[in-house]
Amino acid sequence: MLNTSRFLSDLHHLRSYGAQGKGVIRPAYSAPDIAARDWLAGRMAEAGLAVRFDAMGNLFGLAAGPSLLLGSHSDTQPTGGWLDGALGVIAAIEVARASREVGGPAISVVSFQDEEGRFGGTTGSAVWSGLLPLAEADVVMDTDGVVLAEARRALGNRVGSDVDPAQFTGFIELHIEQGPALDTAGEQIGVVTDIVGYRELMVTLSGQQNHAGTTPMALRRDAFQGLSAFNVRLNDRLRNVVTPQSVWTIGHVAVTPNASSIVPGLVRFSMQWRDCDGDRLARIQAVIEATLAEVASEMGLGLDIGPLLGLEPVAMDPVLRARLQSAAEVVAPGRWRQMPSGALHDATNVARLMPVAMLFVPSIGGISHAFEEDTAEADLVAGLRVLGRAAGVQP
């Protein structure tokens, strides 16, 4: 039987590693992250699982023989919430422990490393899935100038042999929604249909740095005005391409020289877009590139577009998804929905290796990646029970 008190107690204990007020500061490979992984390893061992760290610091609790893999990640954003990822790991341990206690199906557990992107995003599962070679990941630098290879030294002698994905029959990840849909509707469970794909570019517009008081407006080659014009035109031109689920973001902007009395000579910015349809991602890209070229030409700006990064959309496995839907109808009748995931998750990478599925519980106010992130206790328990039923362990 699932022990909800034990589950909630473990979830709150994990919160203590890197606790900062209501939130948690537990970035990948930090001292709180390593301490949390050591504690999780102990809980996995107590649940009768064989504990294994791989070279990336992905932490596995392995059942004997073929097994269903459950889990998520336990690192956080630099200033993050207490449930993002952690919920899926603790729920997985409880399901594995309860299944073993009643002689149920074999359940293994994972806490992937660096999902939150200190070194790029979903890094641990990207390396484990074969998407990203470890040698390439090792040279990636964080914002403080630390390369991954150096950060991995914090693992010390914890690292064991590689974990073979062939032993797993599938992967289910429980996560908070990180959006407002479930909370707004008063629903308890979201069964994920697809995880969005995303694309990202770094764009540089170069003009002419000049005096802000003496340079006539008609003669300026203002790089920031180029960005502004691009943003306005892009929003207008995407109207007939996108759906209400499509999103696009200019999230990072660096203006040079960033001084009040100088016409900006250069602006560098990120351009990211997400959608569940691969063809639509390509159409959005075409609009972005055409609009950039047009603005640069009209305003006399240089244009440099960096390499295209991204992941493909991933549809959830129909068999695992059906099990989640059946479980949701039992646990939360009339209070669940099917929905896409607008956030990226480790399940995207794991889908390269095996069938995957995901379920969500509500985020209060739709808030995540912030200290205010929270979910009602009843909804946390509902998520655990749906996960348990889908895995073959009755509440």
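The first residue of the sequence shown is numbered 1, and numbering continues consecutively from there.
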Matching residue for Thr122 among Asp114, Asp346, Thr348 - test: side chain to side chain contact (heavy atoms under 4.5 Å, CB included): Asp346
CZ (Arg100) with more than 12 external heavy atoms under 6.0 Å: no
Fellow cluster residues of Leu132, listed by chain then number, with links counted only when side-chain atoms sit under 4.5 Å apart: Tyr29, Ile34, Met56, Phe119, Val127, Leu134, Val140, Leu148, Leu155, Val159
Side chains of Trp248 and Gln272, donor plus acceptor under 3.5 Å: no
Over 12 non-hydrogen atoms of neighbours within 6.0 angstrom of CD in Glu377: no
Polar side chain donor-acceptor pair, Asp275 to Ser246, under 3.5 angstrom: yes
Candidate pair Arg321 and Gln325, rule side chain to side chain contact (heavy atoms under 4.5 Å, CB included), full reasoning: CA-CA 6 Å; Arg321 179 175 154 190; Gln325 291 173 183; 3.2 Å; yes
Minimum side-chain heavy-atom gap Thr193-Met316 below 4.5 Å: no
Any donor-acceptor pair under 3.5 Å from Ser129 side chain to Ala126 backbone: yes
Atom pair CG (Leu68) and CD1 (Ile107), whose distance is rounded to the nearest 0.5 Å: 4.5 Å
Derivation and outcome, side chain to side chain contact (heavy atoms under 4.5 Å, CB included), residues Arg118 and Asp75: CA-CA 10 Å; Arg118 179 181 172 188; Asp75 66 306; over 6 Å; no
CG on Asn349 to OG1 on Thr123, rounded to 0.5 Å: 9.0 Å
Check: Val191 and Met358 side chains under 4.5 Å, non-hydrogen atoms: no
Distance, nearest 0.5 Å, that separates OG of Ser111 from CG of Leu40: 6.0 Å
Could you go through residues 281-293 and list every donor-acceptor pair under 3.5 Å that involves a side-chain atom there, pairing it with any protein atom two or more places apart or in another chain?
unit_1: Gln285; atom_1: NE2; unit_2: Glu289; atom_2: OE2; d: 3.1
unit_1: Thr291; atom_1: OG1; unit_2: Val287; atom_2: O; d: 2.7

NE2 on His12 to CD1 on Ile90, rounded to 0.5 Å: 11.0 Å
Donor-acceptor contact below 3.5 Å, side chain Arg221 vs main chain Gly300: yes
Listed partners of Arg233 passing salt bridge (charged side-chain N to carboxylate O under 4.0 Å, His left out), at least two apart: Glu294, Glu298
Connected via hydrophobic side-chain network under 4.5 Å: Val253 and Met202: no
pair Ser368-Ile176: side-chain heavy atoms closer than 4.5 Å: yes
Residues His345 and Ser341: side-chain donor-acceptor under 3.5 angstrom: yes
Side chain to side chain contact (heavy atoms under 4.5 Å, CB included) evaluation trace for Leu234 with Leu238: CA-CA 6 Å; Leu234 181 65; Leu238 286 177; 3.7 Å; yes
Nearest-0.5 Å distance, CG of residue Asp304 to OG of residue Ser206: 8.0 Å
Approximate separation, where rounding is to 0.5 Å, of Asp54 CG and Arg158 CZ: 13.5 Å
Steps toward salt bridge (charged side-chain N to carboxylate O under 4.0 Å, His left out) verdict (Glu372, Lys22): CA-CA 7 Å; Glu372 296 85 359; Lys22 293 182 178 180; over 6 Å; no
Donor-acceptor pair, side chain of Ser30 and main chain of Asp33, under 3.5 angstrom: yes
Solution key, residues 223-231 side-chain donor-acceptor pairs under 3.5 Å, sequence neighbours excluded:
none

Qualifying residues under salt bridge (charged side-chain N to carboxylate O under 4.0 Å, His left out), relative to Glu115, sequence neighbours excluded: none
Pair Asp84-Gln178, side-chain donor/acceptor within less than 3.5 Å: yes
Any residue meeting ring-ring contact (aromatic ring centres under 6.0 Å, His included) with His73, in chain and number order, not counting sequence neighbours: His175
Phe371: hydrophobic cluster co-members (side-chain, 4.5 Å): Ile25
In one Ile/Leu/Val/Met/Phe/Trp/Tyr side-chain cluster, 4.5 Å: Val89, Val356: no
For Arg239, all residues meeting salt bridge (charged side-chain N to carboxylate O under 4.0 Å, His left out), sequence neighbours excluded: Asp236
Check: residues 258-270 side-chain donor-acceptor pairs under 3.5 Å, at least two apart:
unit_1: Ser270; atom_1: OG; unit_2: Gly251; atom_2: N; d: 3.3
unit_1: Ser270; atom_1: OG; unit_2: His252; atom_2: N; d: 2.9

Close side-chain approach of Met217 and Asp222, heavy atoms under 4.5 Å: no
Any donor-acceptor pair under 3.5 Å from Thr375 side chain to Pro362 backbone: yes
ILVMFWY cluster, Leu83 and Val109 together (side-chain gap under 4.5 Å): yes
Ser67 side chain to Ala63 backbone, donor-acceptor under 3.5 Å: no
Under 3.5 Å, side-chain donor or acceptor atoms of residues 160-168 against the rest of the protein: list the pairs with distances, not counting sequence neighbours.
unit_1: Ser161; atom_1: OG; unit_2: Arg52; atom_2: NH1; d: 3.2
unit_1: Asp164; atom_1: OD1; unit_2: Ala166; atom_2: N; d: 2.9
unit_1: Gln167; atom_1: NE2; unit_2: Asp164; atom_2: O; d: 2.8

Leu182 side chain near Arg337 side chain, heavy-atom distance below 4.5 Å: yes
Lys/Arg cation over aromatic Trp273: Arg199, 6.0 Å, 45° cone: no
Side-chain donor-acceptor contact under 3.5 Å, Arg274 with Gln245: no
Residues which pass ring-ring contact (aromatic ring centres under 6.0 Å, His included) with Phe60, listed by chain and number, not counting sequence neighbours: Trp128
Non-hydrogen side-chain atoms of Pro133 and Glu136 separated by less than 4.5 Å: yes
Flag side-chain contact, heavy atom, 4.5 Å: Phe112 against Val350: yes
Within one Ile-Leu-Val-Met-Phe-Trp-Tyr cluster: Phe7 and Leu70, side-chain cutoff 4.5 Å: yes
Short side-chain donor-acceptor distance under 3.5 Å, Arg220 and Gln208: no
Pairing residues for Asp138 by the salt bridge (charged side-chain N to carboxylate O under 4.0 Å, His left out) criterion, not counting sequence neighbours: Arg152
Hphob cluster co-occupancy, Met339 + Leu320, side-chain heavy atoms under 4.5 angstrom: no
Candidate pair Leu131 and Leu311, rule side chain to side chain contact (heavy atoms under 4.5 Å, CB included), full reasoning: CA-CA 10 Å; Leu131 177 66; Leu311 291 171; 3.4 Å; yes
Note, Val386 side chain near Gln188 side chain (heavy atom, < 4.5 Å): no
